[in-house]
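One structure is given below, encoded as structure tokens.
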Amino acid sequence: VDVLDEVQEQEKYEQEVHHALESNNTANWDYNLDFDEPLYLTDGPDAVEDSGLRVLVISSEIEDGDDLAGAAKDGVIVVRYDASDTTTEELAKKISDELGGKQAESIAFAAHNARLDFDYSDGASSDSLLNDAEKDFWKDVGSLLGENGRIDLLGCNVAADDTLAGQIVGEIEAGSGKAVAASDDVTGNSGDWDLEIGAVDARDTYFDANRLEQFDGQMAGSSAYLT
């Protein structure tokens, strides 16, 4: 059945449903129709399939990063980067290449802070905590996520109750156009894997619980904003 045939069948279906409702024939109808499910709910021309892909991005600054990468669930795409010599543009391309043209359901960043352990010397403008490179990066990340996609920041205390942390999370949401989940305490086996802002269980979402027990590090840094 091609797209045109599907559209015509859908229109016919909707007309019959409308006629049945107008004639009060919903109890004893003659159409063998199911009101609860359109004919081509998922296969129509405007349908979008959710890939269900998860991506785990790990900074080189994370202690015991090998065990963290090894603890990823089967099917989770793992991307690792050297924060000392990788640019945000290069990191966005790494993630895009791994997705191979698909969009992810969520992308998690395992880094010590919301700036993903990059060492920025140029700072940001007076009205923003993000510099231009970061703004472009989060916009690119947003484009790699599906319609209801989400960014998960695993860094410790990224969403702690202070103005600076709250502002940068808000700016990432605004720049990416996607929801952001973040932790307001220590992330790791010495703390927990809950992202309290967004109510996300990072352990259940990205990791095999048994393998994750081997991870000895944590996402702690001196600040949610800067290392």
Side-chain angles (χ1 to χ4, degrees), residues 50-59 61-62 65 68-69 71-73 75-81 83 88 91-92 95-96 98-99 102-118 128-130 134-135 137-209 212 215 217-221 223-227:
D50 185 354
S51 68
L53 289 174
R54 309 279 188 184
V55 180
L56 174 63
V57 184
I58 304 175
S59 164
E61 298 299 306
I62 295 298
L68 188 65
K73 282 183 175 180
V76 170
I77 297 172
V78 177
V79 177
R80 304 185 70 175
Y81 68 100
T88 50
L91 179 55
I95 301 169
S96 177
E98 290 295 332
L99 283 169
K102 296 180 180 179
Q103 289 184 309
E105 184 174 349
S106 65
I107 302 177
F109 292 89
H112 291 305
N113 50 62
R115 302 197 83 178
L116 307 184
D117 297 328
F118 289 113
S128 173
L129 293 177
L130 301 178
E134 290 173 291
K135 291 176 182 177
F137 173 75
W138 291 117
K139 182 178 180 181
D140 289 342
V141 170
S143 72
L144 299 175
L145 290 159
E147 182 178 359
N148 298 313
R150 187 186 68 244
I151 294 167
D152 294 333
L153 302 177
L154 305 189
C156 296
N157 301 306
V158 166
D161 187 17
D162 63 69
T163 303
L164 199 64
Q167 183 179 343
I168 199 168
V169 169
E171 288 188 24
I172 292 171
E173 285 191 331
S176 65
K178 302 299 178 183
V180 174
S183 176
D184 64 7
D185 55 16
V186 174
T187 306
N189 288 335
S190 59
D192 61 50
W193 293 95
D194 296 330
L195 305 183
E196 290 80 9
I197 306 303
V200 172
D201 183 339
R203 174 168 47 195
D204 183 63
T205 303
Y206 297 98
F207 301 106
D208 176 282
L212 190 59
F215 176 63
Q218 58 180 238
M219 316 297 168
S223 167
Y225 177 50
L226 294 170
T227 301

task: Mind checking the OG-CG spacing from S59 to L154? Nearest 0.5 Å is all I need.
output: 11.5 Å

field: Closest non-hydrogen atom pair between A181 and G198, with its separation
entry: CB-CA, 4.1 Å

message: For a quick test of reading the model, state the closest non-hydrogen atom pair linking T205 to S106 and the distance between them.
response: CG2-OG, 4.4 Å

query: Hey, are the side chains of V78 and V57 touching, using non-hydrogen atoms and a 4.5 Å cut-off?
result: no

task: Quick one: closest heavy-atom pair of I58 and G65, and the distance?
output: CD1-O, 4.3 Å

query: Rounded to the nearest 0.5 Å, how far does CD1 of I168 lie from CG of L153?
result: 9.0 Å

statement: Between D152 and Y206, the two heavy atoms sitting closest are OD2-OH, 2.6 Å

- prompt: For residues 196-208, which residue pairs qualify under salt bridge (charged side-chain N to carboxylate O under 4.0 Å, His left out), counting only residues two or more places apart or in two chains?
  reply: D208-R211

- request: Could you check whether the rings of W193 and F207 sit parallel, tilted or perpendicular, using 30° and 60° as the cut-offs?
  value: tilted

message: Taking side chain to side chain contact (heavy atoms under 4.5 Å, CB included) as the definition, give me every residue that meets it alongside I197, ordered by chain and number, with sequence neighbours left out.
response: A159

field: Presence of salt bridge, E105 and R150, under 4.0 angstrom
entry: no

- prompt: What pair of heavy atoms forms the shortest contact from L56 to A110, and how long is it?
  reply: CD1-CB, 4.5 Å

- prompt: Under 3.5 Å, side chain of K178 to main-chain N/O of G146, donor-acceptor pair present?
  reply: yes

- prompt: Nearest heavy-atom pair of H112 and I62: which atoms, and what distance?
  reply: CE1-CD1, 3.8 Å

statement: When rounded to the nearest 0.5 Å, the distance separating CG of L144 from CD of Q103 is 7.5 Å

message: Can you tell me how far apart CD1 (I151) and CG (L195) are? Round to the nearest 0.5 Å.
response: 12.5 Å

- prompt: Once you round to the nearest 0.5 Å, how far does CG of L116 lie from CD of E61?
  reply: 11.5 Å

query: Do the side chain of S96 and the main chain of A92 share a donor and acceptor less than 3.5 angstrom apart?
result: no

query: To the nearest 0.5 Å, what is the distance between CD (E171) and NZ (K135)?
result: 7.0 Å

